[in-house]
4 protein chains.
Amino acid sequence: MPIIVDKARKRREILEAAMRVFSREGYHRAKMEAVAEEAGIGKGTVYEYFKSKTDLFLALHDHMLAELKAFYMKELEGIRQPAAMLERFIAVAFQTFRLWEPFFLVFFDYWAEGGRGEQQTLLQTRLREAYAVARNDVAAIIAAGVKDGSLRCDNPLLAAASILATLDGLVLQWLCDRDAFDLDAMRESLTQTILRSLQP
Amino acid sequence: MPIIVDKARKRREILEAAMRVFSREGYHRAKMEAVAEEAGIGKGTVYEYFKSKTDLFLALHDHMLAELKAFYMKELEGIRQPAAMLERFIAVAFQTFRLWEPFFLVFFDYWAEGGRGEQQTLLQTRLREAYAVARNDVAAIIAAGVKDGSLRCDNPLLAAASILATLDGLVLQWLCDRDAFDLDAMRESLTQTILRSLQP
Amino acid sequence: MPIIVDKARKRREILEAAMRVFSREGYHRAKMEAVAEEAGIGKGTVYEYFKSKTDLFLALHDHMLAELKAFYMKELEGIRQPAAMLERFIAVAFQTFRLWEPFFLVFFDYWAEGGRGEQQTLLQTRLREAYAVARNDVAAIIAAGVKDGSLRCDNPLLAAASILATLDGLVLQWLCDRDAFDLDAMRESLTQTILRSLQP
Amino acid sequence: MPIIVDKARKRREILEAAMRVFSREGYHRAKMEAVAEEAGIGKGTVYEYFKSKTDLFLALHDHMLAELKAFYMKELEGIRQPAAMLERFIAVAFQTFRLWEPFFLVFFDYWAEGGRGEQQTLLQTRLREAYAVARNDVAAIIAAGVKDGSLRCDNPLLAAASILATLDGLVLQWLCDRDAFDLDAMRESLTQTILRSLQP
DNA sequence: GATGAATGAGAATTCATTCAT
DNA sequence: CATGAATGAATTCTCATTCAT
């Protein structure tokens, strides 16, 4: 009788090992062997679950985004007021800066790989889609506020893009230098600025 | 009669060739040979000017920042009003998105390399310094505005960090998807938001 | 109540699966997993019957030769006249070209492995023995003809070697290019040439 | 000034090293590193001349056939009589058995690789072409004999194919077992048989 | 007996760097 | 000075084999 293995579980373990290794060393410097070791398995086993390093990289992107989204969903659950949602959204973002540091470090590599080239790589498509989804989600909150009169905004999608950009840019800057600014002060200041700019 | 070679000039040519190659392929995928070819010289010659690929990468960072700074200086020249300077600063930033695309694509790699690790790499130090300088420059403009009463801001450094973050995040997003948002609309909207948030 | 398995039968099934896979892909490119799949069993099971890939390869050689010999025996059964036996032998050989194509394709690999090296590999010994047996068999037919005066030949063993060589060389050539020559025309021509050269 | 290297010469040296290694170990077992070592160069250098193992293998085929052909040309030079040419041709073939042993051992691999598959591999095409050329060359000699009345043959191309097959089959057999038959006796016998079968 | 998940030795290939000319 | 031929450390990926169930 064949050994019964929870393939989905092991797959996730590999993904999480990959995240740690990639975040530590960077995608290009990271060796498959290191990923295997981090996952506590043999080199060849990784290839039973992912057919190449690229494939693993891609799968990790999906995995990470799914996890991130789930985190946001959970944290935003139950909040109905658009302004409150935005405030919470920003707060959660700042939380992730600290809690999901490795996550964002890996993201550097997606940006570096995905920004490049006109060839419509799978990664590029995914990255583009992920951004579009995020923009739409945030824009939807703003639009809801506009509708119920609690917010004012001519172009919710543009505002959403801008908010996301600020958050991205802040992790970037903060990860390059933890002393660049105080996270809490920045969160308060940013929340104020954004909410004020959307005030009716 | 030795051929007199303008070493500084050739050095710059190599740097610019490297920028094109790195922006096209990414630092890790880029081959030294490709850089040499792009510069129209022999592979070995690159090593006469830069002692290693890392060294070239690092030197390119300095070169690029110097060029960028020079561009900003020129474009901001003559403007005295803090608010006007900020407006112009943002406008110039958006200009660079289009004009300096390869530049930013290479920047992805600096972020990817520099964000990582506690090891105080030379690159990391430089990146940190560059950010600090940029923050100080922008903060200085704001502080000047606060001083002459034309602007209001509790923490100019924090505001500067935030502005820079937004701009960084926007290139990132825009380079991943040129259709993410309209650059001109974004510039206008962003300028408004920022200036309004600094209104006394 | 243990499942009674016809081990010999399954063994043969694996051998035949191996023949198909080896003939398709070549011994070296063929994967044990592919053999297992072709046999409709699990990868590990192959190792219950053959202790290694080499072992399987070797066993296949024996199996194939036994099958081939049986085929010849059946086809030559009842023929007594040496000349007629030779004619039939050649005809059967040409039949096998078409009918046993995979068989010969695998043989390429035995030649490639067996021709090489002074190390007295098991395979090499087997190959040598197989050739010796075949030569003796054919030589025996010729010798019988010489004895009954229906054929003339100074050195039956040499003639046998030559006949076998021609047949081997023809499969080789024909398998490399099905359009190299017409099989039927070749068979007729060859039969004539051989029989005439052995005419008293 | 760049180092001046006789690239063609080194290429040939690598090819010859490859022939030795491939003939010794077989194409599949042979390691690129062994080829490099045999050629007295570094592993990477082989790749400066051949872009892959397959490429080297293919190039070796061409190289070997060219060398073989040159050898035949030289040895047949000056002979005009068709019968004499055939006799000489066979004699040269038997010479090569002894002199070019490694050559033929490598050929096993071409047969093993080239016989297989319907995919029109480059190697397969080359092999087919090589056979066709050889058949035509031999057939031309026979046809010349038919024309001047010194030989008789209904189908020179068929006869040529048969002669080549016999020679191929003989190397095969002989390389598998040097004691299978005496080369000289076989040569004489074969020459007789062939010439007699072509007698008017 | 049968299975297939796990493994790691092994091989092809790449590419930064050196250095003879 | 400039060059590009040579190099080998490093890395990805393959696949025969093992063995727990």
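Note that the structure is a prediction, hence the values are computed from the model and not measured. Every heavy atom of this structure was used, including side-chain atoms; hydrogens, water molecules and symmetry mates were not. Below, chain A is the first sequence line, B the second, and so on; all start at residue 1.
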Side-chain donor-acceptor pairs under 3.5 Å in residues 54-62 of chain C, sequence neighbours left out?
from, atom 1, to, atom 2, distance (Å)
C:D55, OD2, C:K51, N, 3.1
C:D62, OD1, C:R126, NH1, 3.0
C:D62, OD2, C:R126, NH1, 2.5

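- For A:Y47, whose side chain is taken as the heavy atoms from C-beta onward, the closest listed nucleotide among E:dT7, E:dA12, F:dC13 is F:dC13.
- In this structure, the nucleotide among F:dT17, E:dT13, F:dA5 sitting nearest to the side chain of D:K7 is F:dA5.
- Between D:T45 and the phosphate of F:dT7, there is a side-chain N or O to OP1/OP2 separation shorter than 4.0 Å.
- Toward the 5′ end of DNA chain F lies the nearest nucleotide of D:I41, the other residue of the pair C:G44 and D:I41 mapping further downstream.
- Across the protein-nucleic acid pair, D:R9 atom CZ and F:dA5 atom P stand 17 Å apart, rounded to whole Å.
- Results of the salt bridge (Lys or Arg N to Asp or Glu O under 4.0 Å) test with D:E13 over D:R11, D:R9, D:K10 single out D:R9 as the only residue that passes.
- Straight-line distance from the CZ atom of D:F50 to the P atom of E:dT14: 15 Å, rounded to whole Å.
- The environment of C:E33 atom CD is sparse: at most 12 non-hydrogen atoms of other residues, nucleotides or ligands sit within 6.0 angstrom.
- In the set E:dT7, E:dG10, F:dA6, E:dT7 carries the atom at the smallest distance from any side-chain atom of A:E48.
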Would you write out the dot-bracket form of DNA chain F, 5' to 3', with Watson-Crick and G-U pairs under 3.5 Å, [ ] for crossing pairs, | for pairs to other strands and . for unpaired bases? .||||||||||||||||||||
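- Atom P of nucleotide E:dA16 and atom NE2 of B:H28 are separated by 11 Å, given to the nearest angstrom.
- As rounded to whole Å, 5 Å separates atom P of F:dC15 from atom NZ of C:K31.
- Summarising the geometry, the separation between CD on D:E37 and P on E:dA11 is reported as 13 Å, rounded to the nearest angstrom.
- When each of C:A30 and A:Y27 is assigned the nucleotide of DNA chain F with its nearest heavy atom, A:Y27 is the one assigned upstream, toward the 5' end.
- For the residue pair A:H28 / A:E113, a side-chain donor-acceptor distance below 3.5 Å is found, with atom types taken as modelled.
- Looking at A:S23, its side chain does come within 3.5 Å of a backbone N or O of A:M19 through a donor-acceptor pair.
- Rounding to the nearest 0.5 Å gives a distance of 7.0 Å between NE2 of A:H63 and CZ of A:R12.
- In terms of phosphate contacts, A:Y49 brings a side-chain nitrogen or oxygen within less than 4.0 Å of OP1 or OP2 of E:dA6.
- We find that C:E37 and C:K31 are not joined by a salt bridge, their nearest charged nitrogen and carboxylate oxygen being 4.0 Å or further apart.
- Side chain of A:K43, nearest nucleotide from F:dT7, E:dT17, E:dG10: E:dG10.
- Side-chain to base pairing of C:K10 with E:dG1: no donor and acceptor N or O lie closer than 3.5 Å to each other.
- Atom NZ of C:K51 and atom P of F:dT17 are 10 Å apart (whole Å).
- With hydrogens and angles ignored, the 3.5 Å screen pairs no side-chain donor or acceptor of A:E67 with any backbone N or O of A:M64.
- Rounded to whole Å, the distance from CD on B:E33 to C1' on F:dA2 is 15 Å.
- Judged by closest nucleotide on DNA chain E, A:V46 is the one of A:V46 and B:M32 placed further toward the 5' end.
- Look at CG on A:L56: it is 10 Å from P on F:dC13, rounded to the nearest Å.
- At the phosphate of E:dA16, OP1 or OP2 sits under 4.0 Å from a side-chain N or O atom of B:K53.
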